[in-house]
Structures are given as structure tokens and as C-alpha cells.
Enquirer: 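Can you keep this structure in mind? I'll have questions shortly.
Each chain gets a letter, A, B and so on, in the order the sequences are listed, and its residues count up from 1. Atoms considered below: every heavy atom in the structure, side chains included; atoms not considered: hydrogens, waters and symmetry mates. Quantities reported herein were computed from a predicted structural model and do not represent experimental measurements.
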Amino acid sequence: MKSKYQKIKGTFDILPTDTRLWKEMENILHNISQQFSYEEIRTPSIESIDLFKQNVGYETDVSKEMFTWEDLSNQQIALKPEMTAPVVRAYIEGGLYRSNPLCRLYYIDSLFRREKPQKGRQRQFNQFGIEAFGSSNIEQDVEVIMIAATCLKTLNINETTLHVNNIGSPETRTQYEGLLKKYFTQNIGVLSSLSKKRLETNPIRILDSKEQEDQSIIKNAPIIKELLTDSEKEDFNMLLSNLDTLNIKYEESPYLVRGLDYYNGTTFEITTRSNKSQNALCGGGRYDFLVEQMGGPSTPAIGFAAGMERMIIESQYQVEKNSIDIYISSNDLNHSRKCFTVMQNLINNNYTVFFDTNKKNVKNQMKDATKRNASYLLIIDKKITVKNIKSNDEIAVSDFHELLNFLKNQ
RNA sequence: GUGACUGUAGCUCAGUUGGUUAGAGCCCCGGAUUGUGAUUCCGGCUGUCGUGGGUUCGAGUCCCAUCAGUCACCCCA
């Protein structure tokens, strides 16, 4: 039936059959995070526009539009389009750098971007992610990737590829950018028009180009690894050998450069093996300079974010059907008081109940109880009859105490 | 934001070159049969054919606009 109203473009409802899967997946992510001793952080949905414009590079990218408005006190406000900047803001503002020098955080939250919707790309979408502050050691990078891999494996998402790279320090990156610019300028004749444009704005992005004509040029482009210092190379090798130890398969992707401009050092991405355009499940990397840039003390950090919707699309995880303990059947309003008293007692004893307020006949209630996966049927009229639906055992009880005994002895 | 395609009951879909009162299966509701609440059978509910215009004697079918979705680009989780 057509509703008078329609959901906003790029948003979606999660109806009861789907909330079961969502809750199950959220539980798994909460549990894994907590197993690794990461603690949950929740930040507001709205932030000042400047938080994103000044730190994430959002003003440079037109298509990555934020939902923004000016409120009544002339404050420029944005619905948060990503989580790292808000988490870093809260980390600094909450003084976590003092109280918790090695601070590990995780979140599951809704984000908002005004993009053209597609499957796996909504305007309000949900991300799970972690941020680890305070360690510049490569072990921290290994742990973060390990958590991402553990989550996907537990969620039963198997056809994935982990891409890893090291993009070095900001200086290395600037140097590399110059090198690329030079290289692509030499080959400008064969570049696609899109890439020609990017040569001016952001030459590194040419490496991500999907244009056919760019591919052969990209294949022979200089790679950043050649510019890394010895210690950076050593770190990268250590990361890879630890991944080997953990039996986490990876691909070195020399041209993997994360979209947001605060990254340095290790970057990684986990994609599905399909050719879909929205195939990035998870992406992250190190951002050792962001905390300081945002006014906090110089603090190394690394994290990742994973798209909940995309993980749910890819997951083979099966959730069990809902079930209830007691189906309460009564066809006479005169017994209402008795029903509610019994129901209250059952609830207080931690049973799940279903009370048929539609007053179907007993035969249909029986059908209904089976369909709802009920364990017992409770028929309340002048007496109380309890029936074990699987075994067909049936007994009349005189009071709640007797009912409880029957249930406990099953 | 650009381009292409799609839009018929809650769901999956039929609907012939435009032609009477728009169909099926599943689901849901009820009944019958039944040594089960399984099977089988019967009946019922739900649609201004995404929305708004236009062409036509006549539009679910053709045209335009609009909204939404899907795919690719783009972007990224």
C-alpha cells in the first residue's frame, strides 16, 4: 500500500526481519572490539563544519558533499560525514591523551553524505571503526589490521582481498607527488581527460583511474616504495611478516593511496572480489599528524572504518529464527485479570511471552504458536492448562507456583 | 554531480500490435478434511499499474516531466 509519505532519498528502514541480522552483527563487532580491549566511544551527530573542512579536506572535493546548515545563532553545522575527525576532537577535548596514553576506541555510528545513492552507498549509512592513539610502533598497525580481518572472518565474509601499502611521511608524499607529476606530464598525450585534470589538482589520484587509456601508463609509474627511508621499509616488511604469521593474506598495492588527506605510513583497504563499484568494505591507515593539527599534543594514531551496509550485503551469516517461551491463549475477556497476572509472573521469571490479544480460536492459536517457535502453549480459561508443544505433554495447573514447577522440570 | 536502465497487490513476477470489470504464486486471514499444529482442499483480503501531465474514441501498454531505485562514471566505507 502506498504511504502518504516517502522516506528521504538515500535513506532506508531496517524492518524487524532485518534488525535481527543487524543486531547480531553489531553484537559480534562489540564483542571483538572488547576482546581486543577497545572501548566504545559515541559522539554527536552534528559538529561544526570547520572540523571537517579544515582537517579532512572536504572543501576540495565537491561530490563528497556534507549536509550543512546555519542554525539560529549563525553557527555553521554539519551532519558528520566521517568519524575520525569527531573521534579525534573528542579525544582531545576529553583529555584522553592524559588519562589513557595508549587509547583504543571503537564505534558503530550513522554518518551522512549527500552523494547520489546506489546499493552500498546511502546518504545515511553506518560505519564500524576503530582508532588507536598513542603508539607509533608497527605492532599497532598489525593489531589494527588483525582486528579488521577478525571482524570480517567472524561475520562470515570470505571473498575479500586485503591491500596494503606504505605511503611514507608527508615529505615523502610531497616528493612522490612531484615525481608523479613529472612522469605523467611526460606522458600527457595518452592520458584520459579526467586524469589530465587531476594532474593539476591531485596527481596521486591518477593512480586510481579506471580509464582504459591510463592503465599502461599507471603500470609503469614510479612507486612510492622507492622513496621510503630504510626504517620505513623495515617497518613495512615487519608488518607484512607479522601478517604472514597471522595467516592473513594480503596484496601489496603500491598505488593504494587513501582518499582523505591526513594519512601517512601504513594504509590498507579490504575489498570484495566482485567487480562492483562499491566494493570497498573497509579502509584505514595511520594518521600521525592529525591530533596535533587539530590542537592536541603530538600523538601517533591509526584506525580504520568499515561500511556496515556493505558488510551485511557480503555476509553469509545466518541468524536464527526468533522464538518465544510461552504462547498465552485465552478466549474469554472475563479471564483477563488471570492472564495478566500469569504474564507478569512469567516476565518476572525471565520468560518470553506472546499474548494473543486478537482472541483467535484455540486451533489457530496452536498454529500461530508453532509458527512463532513457541515452546509452550498456555490456555487460560477457568483453569490453566500448559502444553509442551514439541512433546505434546499437557497438564492442568492450579496456580503459578505449579506452572513454574512444570516449566522447570521439563 | 554525469550517463544508461527499471518502477504492476506486503513479496516474486505475468499482462500479447494501446481495446470490456488488471492476473498468478507466495505471504496473511478464515473454513473443511486430517491419529498432529504436517499434507491436501475451499474461500477471503489487499492495487487510483511510482506520481503529474499529454496523445487517443480508449493508456498498465505510446510521449513528456517528476520522484524513487539499480548499474557504470565519480567518490568512498
Enquirer: May I ask you to say what A:K7 touches in the nucleic acid, namely base, sugar-phosphate or nothing, with a heavy-atom cut-off under 4.0 Å?
Expert: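 No contact.
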Enquirer: In residues 290-305 of chain A, what donor-acceptor pairs under 3.5 Å come from side-chain atoms, sequence neighbours left out?
Expert:
| unit_1 | atom_1 | unit_2 | atom_2 | d |
| --- | --- | --- | --- | --- |
| A:Q293 | NE2 | A:Q54 | O | 3.4 |
| A:Q293 | NE2 | A:N55 | OD1 | 3.0 |
| A:T299 | OG1 | A:P297 | O | 2.7 |

Enquirer: Check every strand shown and say whether A:N358 touches a base, only sugar-phosphate, or nothing at a heavy-atom separation below 4.0 Å.
Expert: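 Nothing, no heavy atom under 4.0 Å.
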Enquirer: Please determine if a side-chain N or O atom of A:N364 lies less than 4.0 Å away from the OP1 or OP2 oxygen of B:G31.
Expert: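 So the side chain of A:N364 is within the cut-off, an N or O lying under 4.0 Å from OP1 or OP2 of B:G31.
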Enquirer: Using the P atom as the reference point in each nucleotide, state the distance between B:A24 and B:C45 in Å, no decimals.
Expert: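 These two P atoms come out 11 Å apart once rounded.
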Enquirer: Do A:L378 and A:I384 make a side-chain contact, defined as non-hydrogen atoms from C-beta onward lying under 4.5 Å apart?
Expert: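 Of all side-chain heavy-atom pairs linking A:I384 with A:L378, at least one is under 4.5 Å.
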Enquirer: RNA chain B: stems of at least 3 consecutive Watson-Crick or G-U pairs, cut-off 3.5 Å?
Expert: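 Ordered by first number, the stems with RNA chain B (at least 3 consecutive pairs each) read B:1-7 with B:67-73, B:10-13 with B:23-26, B:28-32 with B:40-44, B:50-54 with B:62-66.
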Enquirer: Between B:A77, B:U33, B:C75, which nucleotide gets closest to the side-chain atoms of A:A305?
Expert: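 Of all the options, the side chain of A:A305 is nearest to B:A77.
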Enquirer: Report yes or no: is there a donor-acceptor pair, N or O only, under 3.5 Å between the side chain of A:K9 and the base of B:U66?
Expert: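 Answer is no: no donor-acceptor pair is held.
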Enquirer: List in numerical order all residues of residues 373-397 of chain A for which some heavy atom is under 4.0 Å away from an atom belonging to RNA chain B.
Expert: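 Of all residues in residues 373-397 of chain A, the ones placing a heavy atom under 4.0 Å from RNA chain B are A:K387, A:I389, A:N392.
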Enquirer: When you check the phosphate oxygens OP1 and OP2 of B:C71, does a side-chain N or O of A:K276 lie under 4.0 Å from one of them?
Expert: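 Yes, such a contact exists.
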Enquirer: Counting only side-chain N and O atoms of A:S277, is one of them less than 4.0 Å from OP1 or OP2 of B:C71?
Expert: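 No.
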Enquirer: Generate the contact string for nucleotides 38-51 of chain B. Rules: B means base contact, S means sugar-phosphate contact only, - means no protein heavy atom under 4.0 Å.
Expert: --------S-S-SS
Enquirer: What integer number of Å spans the C1' atoms of B:U16 and B:G30?
Expert: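 That atom pair is separated by 37 Å.
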Enquirer: Could a donor-acceptor pair under 3.5 angstrom be found where the side chain of A:Q118 meets the base of B:A72?
Expert: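 Yes, a donor-acceptor pair under 3.5 Å.
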Enquirer: What's the CZ-P distance between A:F112 and B:A77, to the nearest Å?
Expert: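 Rounded to whole Å, this separation is 17 Å.
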Enquirer: Between P on B:C27 and CG on A:L15, what's the gap in Å once rounded to a whole number?
Expert: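 Taking atom P of B:C27 as the reference, CG of A:L15 is at 20 Å.
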Enquirer: For salt bridge (charged side-chain N to carboxylate O under 4.0 Å, His left out), just list the numbers for A:R273 and A:E159, CA-CA rounded to whole Å, side-chain angles, deciding distance to a tenth of an Å, and then say yes or no.
Expert: CA-CA 6 Å; A:R273 282 181 207 150; A:E159 299 295 300; 3.4 Å; yes
Enquirer: Any side-chain N or O of A:K363 below 4.0 angstrom from OP1/OP2 of B:G37?
Expert: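 Checking A:K363 against B:G37: at least one side-chain N or O falls below 4.0 Å of OP1 or OP2.
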Enquirer: For B:U61 and B:U56, measure between their P atoms and round to the nearest Å.
Expert: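 Those two atoms are separated by 16 Å.
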Enquirer: Less than 3.5 Å apart, which donor and acceptor atoms pair up between the side chains of residues 278-285 of chain A and the rest of the protein, not counting sequence neighbours?
Expert:
| unit_1 | atom_1 | unit_2 | atom_2 | d |
| --- | --- | --- | --- | --- |
| A:Q278 | OE1 | A:R310 | NH2 | 2.8 |
| A:Q278 | NE2 | A:Q118 | OE1 | 2.9 |

Enquirer: Could you give the NZ-to-C1' distance, from A:K116 to B:G3, as a whole number of Å?
Expert: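 From A:K116 NZ to B:G3 C1': 8 Å.
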Enquirer: Fit a plane to each ring of A:Y263 and A:Y287, take the angle between them on a 0 to 90° scale, and name the class: parallel (under 30°), tilted (30 to 60°) or perpendicular (over 60°).
Expert: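 If you compare the ring of A:Y263 with that of A:Y287, the planes turn out perpendicular.
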Enquirer: Can you see if the side chain of A:K119 gets near the phosphate of B:A77 - specifically, an N or O under 4.0 Å from OP1 or OP2?
Expert: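 Looking at the OP1 and OP2 atoms of B:A77, neither is under 4.0 Å from any side-chain N or O of A:K119.
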Enquirer: Using a heavy-atom cut-off of 4.0 Å across all strands, would you classify A:F125 as base, sugar-phosphate, or nothing?
Expert: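 Since a base atom lies under 4.0 Å of A:F125, the category is base.
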Enquirer: Under the ring pair (Phe, Tyr, Trp, His ring centres under 6.0 Å) rule, collect the residues that match up with A:F354, sequence neighbours excluded.
Expert: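 Only A:Y327 meet the ring pair (Phe, Tyr, Trp, His ring centres under 6.0 Å) criterion with A:F354.
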Enquirer: Would one find a side-chain N or O of A:K360 under 4.0 angstrom from OP1 or OP2 of B:C29?
Expert: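 Checking B:C29 against A:K360, a side-chain N or O does come within under 4.0 Å of OP1 or OP2.
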